[in-house]
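Below you'll find the structure, written out as structure tokens, and then a few comments.
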Amino acid sequence: MQKDELYMQRCIDLARLGEGNVAPNPMVGAVIVLNDEIIGEGFHQKYGEAHAEVNAVNSVRDKALLKEATIYVSLEPCAHFGKTPPCADLLVHSKFKKVVIGCTDTFSEVSGKGIQKLKDAGIEVVVGVLENECRKLNKRFFTFHEKKRPYVVLKWAQTKDDFIDRVRTDDSKKINWISTPETKVLVHKWRSEEHSILVGRNTVLNDNPTLTVREVSGNNPIRIVLDSKVSLPLNLNVFNDEAQTIIFNLEKDETIKNIQFKKIKSLEIDSILNALYELNIQSVLVEGGASTLQSFIQSNKWDEARVIVGITYFEKGLKAPAIAKVPTHQFPFSTDMIYIYSNL
């Protein structure tokens, strides 16, 4: 790696420390270098609080050193007033000699304006160091602003013989676990990384899930439930006060404590994604059921799929969704196998 790439990789590593805490903002890391030595660094830690550049500058005791230093930032510094002042203004005020940027910010409020501010101030600007890696870091953010929809992750567990569930009867409502308890912890970590989690009405009725991150430390995603006629009883786990719940339906708009009833045009995939976009929800983990997952696959409105294959056989039951793609990679986890598919 060249020196610029080494410092940019450090920015990426720092940025990841903010995962799960900064949405709908992007994850950003910043490193300040003088004479081939890091003299300051920072990352965006929490939504509404200081950005990476501010934390990096504040970490340098002698601010007089900044005018001879280079600052590396994984994403173009913001140029607008949001929850905090523009970072581009701070870099100009600090009189940095050079700014190295991983990738431009395609959000309309920034989109080259931060770079232009720096150039207008006479600062040397380099753009595009580890650009692909920096864009991948914020794939949710970029998908949201460029495709005008959230980043969609599909997830399900299936048996060795490709069933997602047994056939349910009224006297058999128990959950038919396919994956191991260890994999359940991993799934809860996945939940903590997404802005929201979505299930259909039948999954709520059959499994009575809570859809939180009980097994790990992290933020609970916003729970999205599809219930066209608003027929689900509100004493189910998904409606408890542990997280916000939004019920997409065709009947009414209403809010009761942490439960929001959101009337949308239809429960077609485009309508669901448009509603999520309007609610400023940047990513969604779709956990079920089979028909909901297959609808996303058929509409081709998904970005990533994570399929857990257990060691059990059901022999009959509800068939798992099917993706006509080859996994990008796979790995064992406990006794399960996990297959990752990409639709980017």
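Treat the numbers as computed from the prediction; the structure is a model and nothing was measured.
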* Between E193 and K189, does a salt bridge (Lys or Arg N to Asp or Glu O under 4.0 Å) hold up when you go through it step by step? -> CA-CA 7 Å; E193 295 167 355; K189 182 179 182 298; 2.5 Å; yes
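- Between the NZ atom in K229 and the CD atom in E251 there is a gap of 8.0 Å [rounded to 0.5 Å].
- Residues V22 and K46 are not in side-chain contact: their nearest non-hydrogen atoms beyond the backbone lie 4.5 Å or more apart.
- Ring orientation note: the planes of H329 and F331 are close to parallel, at an angle under 30° on the 30°/60° scale.
- In this structure a side-chain-to-backbone donor-acceptor pair under 3.5 Å is present from S283 to H195.
- By the rule that hydrophobic residues join a cluster once side-chain heavy atoms approach within less than 4.5 Å of another member, I164 and I308 end up as members of separate clusters.
- Atom CZ in R149 sits 11.0 Å away from atom CD1 in I269 (nearest 0.5 Å).
- Partner L198 forms a side-chain contact (heavy atoms from CB on, under 4.5 Å) with one of L285, L226, I222, I281 and no other, that one being L226.
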* Criterion side-chain contact (heavy atoms from CB on, under 4.5 Å) on T245 and Q260, from CA distance to verdict -> CA-CA 6 Å; T245 300; Q260 179 183 355; over 6 Å; no
* salt bridge (Lys or Arg N to Asp or Glu O under 4.0 Å) between E76 and K113, intermediate numbers included -> CA-CA 9 Å; E76 176 183 0; K113 299 182 181 72; over 6 Å; no
* To do: Might you work through the salt bridge (Lys or Arg N to Asp or Glu O under 4.0 Å) test for E304 and R306, ending with a clear yes or no?
  => CA-CA 7 Å; E304 190 178 329; R306 301 167 187 175; 2.9 Å; yes
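- Taking the six-membered ring where the residue is Trp, the centroids of F314 and F163 are separated by 6.0 Å or more.
- Here the side chains of V225 and I246 are not in contact, with every heavy-atom distance at 4.5 Å or above.
- A side-chain hydrogen bond (donor to acceptor under 3.5 Å, both in side chains) with E194 holds for exactly one of R140, Q282, K155; it is R140.
- Interatomic distance, CE of M8 versus CD1 of I101, reported as 8.0 Å (0.5 Å rounding).
- In this structure, CD in E287 is found 10.0 Å from CG in D207, a value given to the nearest 0.5 Å.
- A donor-acceptor pair is defined here as one N or O able to donate and one able to accept, closer than 3.5 Å; no such pair exists between the side chain of T70 and the backbone of V99.
- Separation of atoms CG (D303) and CG (L154) is listed at 8.5 Å; rounding is to 0.5 Å.
- A donor-acceptor distance shorter than 3.5 angstrom exists from the side chain of D161 to the backbone of E315, with no hydrogens or angles considered.
- Residues R10 and E41 are paired through a salt bridge, judged by an N-O separation under 4.0 Å between the basic side chain and the carboxylate.
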* Asked: Under the salt bridge (Lys or Arg N to Asp or Glu O under 4.0 Å) criterion, do R201 and D227 qualify, and how do the steps go?
  -> CA-CA 5 Å; R201 177 182 177 276; D227 184 16; 3.7 Å; yes
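- The shortest distance between side-chain heavy atoms of Y7 and V129 does not fall below 4.5 Å.
- N220 contributes no side-chain N or O that, together with a main-chain N or O of T212, makes up a donor-acceptor pair within less than 3.5 Å.
- Proximity of a side-chain donor or acceptor of S94 to a complementary backbone N or O of K67 within less than 3.5 Å is not detected.
- Between Y72 and D4 there is a side-chain heavy-atom pair separated by less than 4.5 Å.
- No donor-acceptor distance shorter than 3.5 angstrom exists from the side chain of H44 to the backbone of M27, with no hydrogens or angles considered.
- Here D241 does not pair with K257 in a salt bridge; the nearest charged N to carboxylate O distance is not below 4.0 Å.
- There is a path of hydrophobic side-chain contacts, each under 4.5 Å, that joins V100 to L137.
- For Y151 and F144, the ring centers are positioned 6.0 Å apart or more.
- Atom CG of D62 is surrounded by more than 12 heavy atoms from other residues, nucleotides or ligands within 6.0 Å.
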* Pair I256-F261, side-chain contact (heavy atoms from CB on, under 4.5 Å): steps then yes or no -> CA-CA 8 Å; I256 303 173; F261 297 87; 3.8 Å; yes
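- A donor atom on one side chain and an acceptor atom on the other are not found under 3.5 Å apart for N21 and Y47.
- A donor and an acceptor atom, one from each side chain of E278 and N274, are nowhere located under 3.5 Å apart.
- For the pair N249 (side chain) and I247 (backbone), a donor-acceptor distance under 3.5 Å is present.
- Taking the side chain as every heavy atom from C-beta outward, Q9 and L6 never approach each other to under 4.5 Å.
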* Evaluation steps, side-chain contact (heavy atoms from CB on, under 4.5 Å), between C78 and H51 -> CA-CA 9 Å; C78 60; H51 289 187; 3.7 Å; yes
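- Between the side chains of S266 and E268, no donor N or O sits under 3.5 Å from an acceptor N or O.
- Counting heavy atoms from C-beta on, the side chains of V213 and P221 come closer than 4.5 Å.
- If you check the side chains of S334 and D336, you find no donor sitting under 3.5 Å from an acceptor.
- No chain of hydrophobic side-chain contacts below 4.5 Å, direct or via other Ile, Leu, Val, Met, Phe, Trp or Tyr residues, connects I340 to V153.
- Between E254 and K263 there is no salt bridge, since no side-chain N of the basic residue sits under 4.0 Å from a carboxylate O of the acidic one.
- Remark: the backbone N or O of L186 is not paired with any side-chain donor or acceptor of E215 at under 3.5 angstrom.
- With hydrogens and angles ignored, the 3.5 Å screen pairs no side-chain donor or acceptor of N219 with any backbone N or O of S192.
- Hydrophobic clustering of Ile, Leu, Val, Met, Phe, Trp and Tyr side chains at less than 4.5 Å, counting indirect connections, keeps F248 apart from F239.
- Note that CD1 of I71 is 7.5 Å distant from CG of L90, once rounded to the nearest 0.5 Å.
- Looking only at distances, no side-chain donor or acceptor of N138 sits under 3.5 Å from a matching main-chain atom of R135.
- Contact check for Q244 versus R223: no side-chain heavy atoms found under the 4.5 Å cut-off.
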* Asked: Going through the distances and angles, do N343 and N300 end up as a side-chain contact (heavy atoms from CB on, under 4.5 Å)?
  -> CA-CA 8 Å; N343 197 34; N300 203 34; 3.0 Å; yes
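- When side chains are defined from C-beta on, D270 does not count as touching S299, because their heavy atoms never get closer than 4.5 Å.
- V60 and V57 fall within a single hydrophobic cluster, where Ile, Leu, Val, Met, Phe, Trp and Tyr are joined by side-chain heavy atoms under 4.5 Å apart, directly or via other members.
- Under the 3.5 Å distance criterion, with hydrogens and angles disregarded, no donor-acceptor pair is assigned to the side chains of T292 and S295.
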